[in-house]
Amino acid sequence: MKIIKFERELKVLINYIREYGILHIEEISNPSDILDDESKWSEFAQAVHKGFYLAQNRSIILIKQVLTERKQQIQKLKEAKRGREKEKCNEITNVLNQLKYQEMCLRKIMDSIAWQILGYDLSQLRRLYYGQELIDITDSNLKSEVSFVDEYLNDNPDSFVLISDLTSFIQIGDVVIFKPREKVILVELKEGDTNGKVFRLLDEFITANCKYSTYQKLMNEAPKFQEQFQRDIKQIQRNNQVVQTLNTGKGKDLLSNMDVVKNSSETIVLDTYTDVIKSLLDESDRKGHAISVVEECLLIGVYNTEKFPSKVFDIWAKCLNIKMPIIDFRQSLFDPLGYPIFLHSLPQSQILDIILGKKIVKFTIDIEMWLQTFKNHGITYRWMSKKETARINGKFTGNQGIFSLEGCGIELENSEGLKQILGEGVFSRMFTSLNTPSSLIKYLKKSFISF
């Protein structure tokens, strides 16, 4: 997709997910009036959800377009490789990278809707992800999902139905149903003769007095059908496991198979440094660049790419002997559980500048300096060996795992002798949610649990 068209589409989508609901209700002098008046609340909810639906419908078209273009370019790359056309291969690879970036931007738009309907609760959101590859919606059964959404909307105009395959992290259920003031519902849609037969047999097994006769029916089926039956059973069990964890706060994490325990009913409010980012973006308009250090350990640099090279940030970090990786804010688009950049309280123009690469925002942290401040909260730390770290990471699926630097993880211990391992999620919060280093220590302090 051409850059000009992509920018134009992004502007429309951002408006749908951030402002549409507010702009399409009667003017209200006091926002609290919406919460106090049921009819105004219903009107507002329907307006917000209409914006979400418009964003979802447009995203379906755009993601399909981008994925189709990628397939075409992949075929061209194969032909160029066969012809040993090195320069052409490089050109096509650049186009493929750009298309992948556009796909992730569009999926992050859908993630933005998911974060809103799921209450911005990362501890809940992560229950829906288990490290699977993204779904190619050009090959998926999207038509039945769209049809379900349309039918459900007719009967429930104040609700919103999110198609899971459009997001980068919802991997449980085909659709997520959200009704105002009610719990979220995950729904698995099953179509086709084989799936219908599987579920009829399953219903028969549940209701039958004699389970053996139903078991014999299954054994008399073809091996392919038996495999489908087993897959569907596992899927149902996994979905039930997630729903139980969401509702009770207890269960198993799908990624690591580790126990999930709800730490506290108390909500932990985490401070952010979003205002610092906004200030630096404004300053970079005037000077071409701007830097800051948050809480003496978190380095931030903002660079107007037309006026100043962002590589100077790397040099700054190297001169300070900082060993942590340097993070480009745009990397958050590729983090399935990263906070969507579109939801930050930044002007739309600044968000677009970052997405389109007109402004580069970079971060890194002096981790030793940050870890030293844990002592003020009664927490000690130790760097684990590479062997210990590898053993723990072996429990995770895919590319997931605990935080490690040069192969070594960090174990924390509080004054009561309780221990926990520092996870990657903490740094995701720091560099995508823009939570301050000190507020994340408070979060970690609350999360010590005894096994």
Side-chain angles (χ1 to χ4, degrees), residues 1-18 55 58-59 62-63 65-67 69-70 73 90-112 134 168 273-274 276-292 298-318 325-336 338-364 427-428 430-434:
M1 190 186 304
K2 291 182 178 179
I3 299 297
I4 295 174
K5 174 177 168 58
F6 182 62
E7 181 177 0
R8 186 170 64 246
E9 295 286 2
L10 269 185
K11 284 179 181 177
V12 174
L13 290 171
I14 292 171
N15 173 268
Y16 284 156
I17 64 171
R18 282 173 48 126
R58 190 62 192 157
S59 293
L62 295 172
I63 293 173
Q65 182 181 332
V66 168
L67 291 177
E69 284 184 43
R70 281 195 88 236
Q73 292 297 329
N90 291 336
E91 288 176 6
I92 296 171
T93 300
N94 289 334
V95 172
L96 284 170
N97 290 337
Q98 182 180 314
L99 289 168
K100 184 62 180 178
Y101 183 76
Q102 291 177 351
E103 178 196 351
M104 298 315 296
C105 285
L106 295 169
R107 288 187 184 274
K108 215 62 180 176
I109 286 283
M110 298 310 300
D111 287 358
S112 300
L134 292 173
S168 66
Y273 55 93
T274 312
V276 177
I277 299 291
K278 185 181 184 307
S279 256
L280 294 176
L281 285 163
D282 289 336
E283 190 179 341
S284 71
D285 283 331
R286 300 187 297 273
K287 294 168 49 182
H289 71 284
I291 61 172
S292 183
L298 176 62
L299 280 63
I300 311 170
V302 176
Y303 304 89
N304 185 325
T305 53
E306 292 182 354
K307 300 178 181 179
F308 213 89
S310 66
K311 281 196 173 181
V312 296
F313 184 88
D314 307 43
I315 298 168
W316 179 29
K318 188 175 181 180
I326 291 166
I327 307 296
D328 185 318
F329 200 8
R330 291 173 295 177
Q331 289 173 232
S332 65
L333 296 166
F334 293 85
D335 180 353
Y339 189 93
I341 188 173
F342 305 106
L343 297 181
H344 281 297
S345 54
L346 297 170
Q348 185 188 95
S349 59
Q350 290 187 342
I351 292 172
L352 283 169
D353 280 347
I354 295 168
I355 293 292
L356 298 172
K358 296 176 183 179
K359 300 276 183 67
I360 302 294
V361 181
K362 287 188 173 183
F363 317 96
T364 192
F427 296 98
S428 177
M430 190 181 293
F431 298 128
T432 71
S433 300
L434 306 182

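Given the structure is predicted, the values throughout are model-derived calculations rather than measurements.
- The shortest distance between side-chain heavy atoms of Lys278 and Pro347 falls below 4.5 Å.
- Here the closest heavy-atom approach between residue Gln73 and residue Leu99 is recorded as CG-CD1, 4.0 Å.
- Put simply, CG on Leu298 and OH on Tyr273 are 4.5 Å apart, with the number rounded to the nearest 0.5 Å.
- In this structure, Arg58 and Leu13 have side chains that are in contact, with non-hydrogen atoms separated by less than 4.5 Å.
- Closest approach of Ser112 and Pro340 over heavy atoms only: OG-CB, 3.2 Å.
- Gly338 and Thr432 make their closest contact through CA-OG1, 3.6 Å (heavy atoms, listed as atom of the first residue, atom of the second, distance).
- The nearest pair of heavy atoms linking Met110 to Ser59 is SD-OG, 3.6 Å.
- The number of heavy atoms from other shown groups lying within 6.0 Å of NZ (Lys5) is above 12.
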- Run the side chain to side chain contact (heavy atoms under 4.5 Å, CB included) check on Thr305 and Ser310 step by step: do they pass? CA-CA 7 Å; Thr305 53; Ser310 66; 5.8 Å; no
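- To the nearest 0.5 Å, atom CD1 of residue Ile341 and atom CD of residue Gln350 are 10.0 Å apart.
- No side-chain heavy atom of Asp335 sits less than 4.5 Å from a side-chain heavy atom of Phe431.
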- Message: Applying side chain to side chain contact (heavy atoms under 4.5 Å, CB included) to Thr364 and Trp316, what does each step give before you reach the verdict?
- Response: CA-CA 10 Å; Thr364 192; Trp316 179 29; over 6 Å; no
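- Between His289 atom NE2 and Lys307 atom NZ the span is 11.5 Å, to the nearest 0.5 Å.
- Atom-to-atom distance recorded for Glu306:CD and Lys359:NZ is 9.5 Å, nearest 0.5 angstrom.
- Distance check: Lys358 NZ to Ile360 CD1 gives 12.5 Å after rounding to the nearest 0.5 Å.
- Residue Ile277 holds its CD1 atom at 7.5 Å from CD1 of Ile354, rounded to the nearest 0.5 Å.
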- Does the side chain to side chain contact (heavy atoms under 4.5 Å, CB included) test come out yes or no for Lys11 and Leu352, once each step is laid out? CA-CA 8 Å; Lys11 284 179 181 177; Leu352 283 169; 3.4 Å; yes
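- With hydrogens and angles disregarded, no donor-acceptor distance shorter than 3.5 Å links the side chain of Ser279 to the backbone of Val276.
- In plain terms, the two heavy atoms of Met1 and Glu69 that are nearest each other are N-OE1, 2.7 Å.
- Lys287 NZ: more than 12 foreign heavy atoms inside a 6.0 Å radius.
- Side-chain contact check for Lys100 versus Met104: some heavy-atom pair is nearer than 4.5 Å.
- No side-chain heavy atom of Tyr16 sits less than 4.5 Å from a side-chain heavy atom of Ile109.
- Side-chain contact between Leu333 and Ile355: present, with at least one pair of heavy atoms (C-beta onward) separated by less than 4.5 Å.
- In this structure the side chain of Leu356 reaches within 4.5 angstrom of the side chain of Phe6, judged on heavy atoms.
- The aromatic rings of Phe329 and His344 sit tilted relative to each other, their planes meeting at an angle between 30° and 60°.
- Of the options Leu434, Ile326, Asp328, Leu299, a side chain to side chain contact (heavy atoms under 4.5 Å, CB included) to Phe363 is made by Leu434 and by none of the others.
- Residues Gln102 and Leu62 fail the side-chain proximity criterion, which asks for heavy atoms closer than 4.5 Å.
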- Item | Intermediate values then yes/no, side chain to side chain contact (heavy atoms under 4.5 Å, CB included), Ile327 and Phe427 | CA-CA 10 Å; Ile327 307 296; Phe427 296 98; over 6 Å; no
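- In terms of heavy atoms, Ser345 sits closest to Thr274 at OG-CG2, 3.8 Å.
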